Undergrad: 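One structure coming up, written as structure tokens, with questions to follow.
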Amino acid sequence: MKSGTAVIIGRPNSGKSTLLNALAGQKVSIVSSKPQTTRHRIIGVINEERGQVVFVDTPGVHKPVFRMNQRMLQTVYEEISGVDLVLHMVDSGIPFGAGENFVLEMVKSSGAPAFLLLNKIDSIAKQRLLPAMERYGRAGCFMEIIPISAASGENLDLLLDKIFEYMPEGEPRYDGDMVTDRTERFLAGEFIREKLLERLREELPYASAVMVRRFDESRRSDKNLVVIDADILVERRSQQGIVLGAGARTLRDLGTEARRDLEQMLGCKVYLGLQVRTAHNWRNDESVLDELGLGS
Ligand SMILES: Nc1nc2c(ncn2[C@@H]2O[C@H](COP(=O)(O)OP(=O)(O)O)[C@@H](O)[C@H]2O)c(=O)[nH]1
Ligand SMILES: [Mg+2]
């Protein structure tokens, strides 16, 4: 039996979380068109007859300005040390640049075997692939360069075959029925944040967070109901109004959408109470970051 860990790293928005979900076969990591959607390390486990692979999704590598972003980058550094395989993911529609070079250096420093994944091939002209493959080939640190589409699933079977080749022999680390190590409470906060990100613009996606205050399962077995209370944190009072929207309509619509997703994930009814709260400069506030579980 094969058993090992593969860490997905790359610039924000390259499609890392989409790949994790595709491989895990369900949504364990939220996805949006906004950079820095993923703030935590999130695992997705796949089990097959040939063995188990633990995939690790990580925050996108970007220049850290706030304390929060330093913690996010630290998470990536910790994850790539001692891992069996590094999957460096790039958006093949974006030309090679300094940011990508920084990720390349991280790949090299990890010392682990690495694949380069050229993602989003569903949305680029095929003749653009070859120059990209050449450019990354020159880096000299990739065992494989594989064009994929995490969204359409193209080439993911081939990718998985190659990944298994690089996994060491061993006993599975996690139970066969476990898909992620994250709690339902954590995922609830993330599902709410995904809906929030879809609606927010400019700096607001970065300036907001979701803190789950209550995840009450006491009526789950008899009433098939979970009660969730969550705070949406923003940095300034003016942002509070944007999240609420006229007549608190934005917040209400967001709550309705999030509740539907949560009911599907949890397989029961959900009562969802959402509040918007201003927490000045929370991205530099260590205690808020601790409470959000960032960098852990
Ligand atoms: N066209 C296309 N879009 C993709 C693909 N993979 C991801 N995306 C989109 O790219 C954006 C960022 O994806 P996400 O998985 O959140 O990227 P991450 O920041 O690297 O985790 C989202 O809008 C995804 O729907 C792909 O293979 N093709
Ligand atoms: Mg992500």
Side-chain angles (χ1 to χ4, degrees), residues 6-44 55-64 68-69 71-76 79-80 86-97 99-100 102-104 106-107 114-126 128-129 132-133 145-160 180-182 186-187 189-201 205-206 208-210 257 261 292-295:
V7 177
I8 312 168
I9 73 167
R11 304 269 298 151
N13 247 11
S14 50
K16 299 177 293 299
S17 301
T18 306
L19 178 66
L20 181 83
N21 295 335
L23 292 169
Q26 73 182 64
K27 185 154 93 186
V28 289
S29 193
I30 61 167
V31 168
S32 91
S33 58
K34 311 289 192 310
Q36 298 178 35
T37 299
T38 308
R39 290 176 175 167
H40 304 77
R41 157 197 188 277
I42 295 181
I43 71 164
F55 289 96
V56 184
D57 185 16
T58 58
V61 174
H62 62 278
K63 197 164 162 246
M68 171 176 83
N69 306 76
R71 285 189 181 206
M72 284 157 65
L73 187 61
Q74 187 57 36
T75 299
V76 184
E79 287 311 317
I80 58 174
V86 172
L87 304 172
H88 175 181
M89 193 155 194
V90 302
D91 180 337
S92 52
I94 295 179
F96 188 90
E100 219 57 71
F102 186 73
V103 186
L104 271 183
M106 288 178 82
V107 171
F115 293 178
L116 191 273
L117 309 183
L118 284 168
N119 191 32
K120 309 198 186 181
I121 55 168
D122 57 290
S123 69
I124 66 150
K126 293 275 184 269
R128 291 179 64 187
L129 269 180
M133 292 176 86
I145 296 182
I146 309 174
I148 61 163
S149 169
S152 78
E154 200 175 340
N155 261 355
L156 295 191
D157 287 346
L158 172 100
L159 170 64
L160 201 54
T180 186
D181 59 348
R182 290 291 179 173
F186 172 85
L187 292 174
E190 289 288 277
F191 275 44
I192 297 164
R193 200 161 61 81
E194 184 181 65
K195 296 298 165 212
L196 187 65
L197 290 175
E198 280 170 8
R199 283 162 193 279
L200 300 183
R201 265 175 253 161
Y206 311 106
S208 58
V210 174
E257 277 179 25
D261 274 22
L292 290 168
L294 272 155

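Since the model is a prediction, treat every value here as computed from it, not as a measurement. Read the numbers this way: they start at 1 and go in the same order the structure lists the ligands and their atoms.
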Undergrad: Do any N/O atoms on Gly15 end up under 3.5 angstrom from N/O atoms on ligand 1?
TA: yes
Undergrad: Going by heavy-atom distance to atom 7 (C) of ligand 1, choose the closest among Ile9, Leu117, Thr18.
TA: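 Going through Ile9, Leu117, Thr18 one by one, Thr18 has the nearest heavy atom to atom 7 (C) of ligand 1.
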Undergrad: Tell me which protein heavy atom sits closest to atom 6 (N) of ligand 1, plus the residue, atom name and distance to 0.1 Å.
TA: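 Ranked first by proximity to atom 6 (N) of ligand 1 is Asn119 ND2, 3.2 Å.
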Undergrad: Near the Mg ion (ligand 2), is there an N/O/S atom from Ser17 that is less than 2.8 Å away?
TA: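 An N, O or S atom of Ser17 is closer than 2.8 Å to the Mg ion (ligand 2), so yes.
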Undergrad: Nearest heavy atom to atom 27 (O) of ligand 1 wins, so pick from Ser152, Ser92, Ala150.
TA: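 Ranked by closest heavy atom to atom 27 (O) of ligand 1, first place is Ala150.
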Undergrad: Determine whether the side chains of Asp57 and Ser29 contain a donor N or O and an acceptor N or O closer than 3.5 Å.
TA: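 Their side chains do contain a donor-acceptor pair, which is all the 3.5 Å distance test asks for.
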Undergrad: Quick test: of every protein heavy atom, which one is nearest to atom 11 (C) of ligand 1, and how far off is it to 0.1 Å?
TA: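 Checked against all protein heavy atoms, atom 11 (C) of ligand 1 sits closest to Ser32 O, 3.6 Å.
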Undergrad: Taking Pro205's backbone N and O only, do any of them form a donor-acceptor pair with Lys34's side chain (distance below 3.5 Å, no angle check)?
TA: no
Undergrad: Identify, by atom number and element, the atoms of ligand 1 in contact range of Ser17, meaning under 4.0 Å from any of its heavy atoms.
TA: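 Counting from 1, the qualifying ligand atoms are 15 (O), 21 (O).
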Undergrad: Any nitrogen or oxygen of Lys120, side chain or backbone, less than 3.5 Å from one on ligand 1?
TA: yes
Undergrad: Does Phe102 have any ring pair (Phe, Tyr, Trp, His ring centres under 6.0 Å) partners at least two apart in sequence or in another chain, and if so, which?
TA: none
Undergrad: Hey, which atoms in ligand 1 end up nearer than 4.0 Å to a heavy atom of Ser149?
TA: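 Near Ser149, meaning under 4.0 Å from one of its heavy atoms, ligand 1 has 26 (C), 27 (O).
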Undergrad: Less than 4.5 Å apart, side chain to side chain, heavy atoms only: is that true for Lys16 and Leu19?
TA: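 Side chain of Lys16 against side chain of Leu19, heavy atoms only: no contact under 4.5 Å found.
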Undergrad: Side chains of Val28 and Asn21: closer than 4.5 Å at any heavy-atom pair?
TA: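 Side chain of Val28 against side chain of Asn21, heavy atoms only: contact under 4.5 Å found.
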Undergrad: Short question: side chain of Glu194, backbone of Val31 - any donor-acceptor pair under 3.5 Å?
TA: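 Checking the backbone N and O of Val31 against the side chain of Glu194, a donor-acceptor pair under 3.5 Å is found.
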Undergrad: So that I can tick it off, tell me whether Arg182 and Glu190 are bridged by a salt bridge, with the cut-off set at under 4.0 angstrom between side-chain N and carboxylate O.
TA: no
Undergrad: Output yes when the distance from some N or O of ligand 1 to some N or O of Ala151 is under 3.5 Å, and no in every other case.
TA: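 Yes - when backbone and side-chain N and O of Ala151 are compared with those of ligand 1, one distance drops under 3.5 Å.
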Undergrad: Considering only non-hydrogen protein atoms, determine which one is nearest to atom 25 (O) of ligand 1 and report residue, atom name and distance to 0.1 Å.
TA: Val31 CG1, 4.0 Å
Undergrad: For Gly44, does its backbone N or O pair with a side-chain atom of Thr180 as donor and acceptor, under 3.5 Å?
TA: no
Undergrad: For atom 28 (N) of ligand 1, grab the closest protein heavy atom and report residue, atom and distance to one decimal in Å.
TA: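 Checked against all protein heavy atoms, atom 28 (N) of ligand 1 sits closest to Asp122 OD1, 2.7 Å.
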Undergrad: To check your reading of the model: name the closest protein heavy atom to atom 19 (O) of ligand 1, its residue, and the distance in Å.
TA: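 Result for atom 19 (O) of ligand 1: Asn13 N, 2.8 Å.
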Undergrad: Please confirm if an N, O or S atom belonging to Thr38, backbone or side chain, lies less than 2.8 Å from the Mg ion (ligand 2).
TA: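 Checking Thr38: at least one N, O or S atom is under 2.8 Å.
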Undergrad: Look at the side chain of Ser14 and the backbone N and O of Asp91, then say whether any donor-acceptor pair between them is shorter than 3.5 Å.
TA: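 Judged by distance alone, no pair lies under 3.5 Å.
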Undergrad: Does Asp57, backbone or side chain, put an N or O under 3.5 Å from an N or O of ligand 1?
TA: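 No; the residue has no nitrogen or oxygen that sits under 3.5 Å from a nitrogen or oxygen of the ligand.
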Undergrad: Spell out, as yes or no, whether a donor-acceptor pair under 3.5 Å connects the side chain of Ser92 to the backbone of Asn119.
TA: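 Checking the backbone N and O of Asn119 against the side chain of Ser92, a donor-acceptor pair under 3.5 Å is found.
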Undergrad: Number the atoms of ligand 1 from 1 as they appear, then name those within less than 4.0 Å of a heavy atom of Ser33, with their elements.
TA: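 Listed by number with element, the hits are 23 (O).
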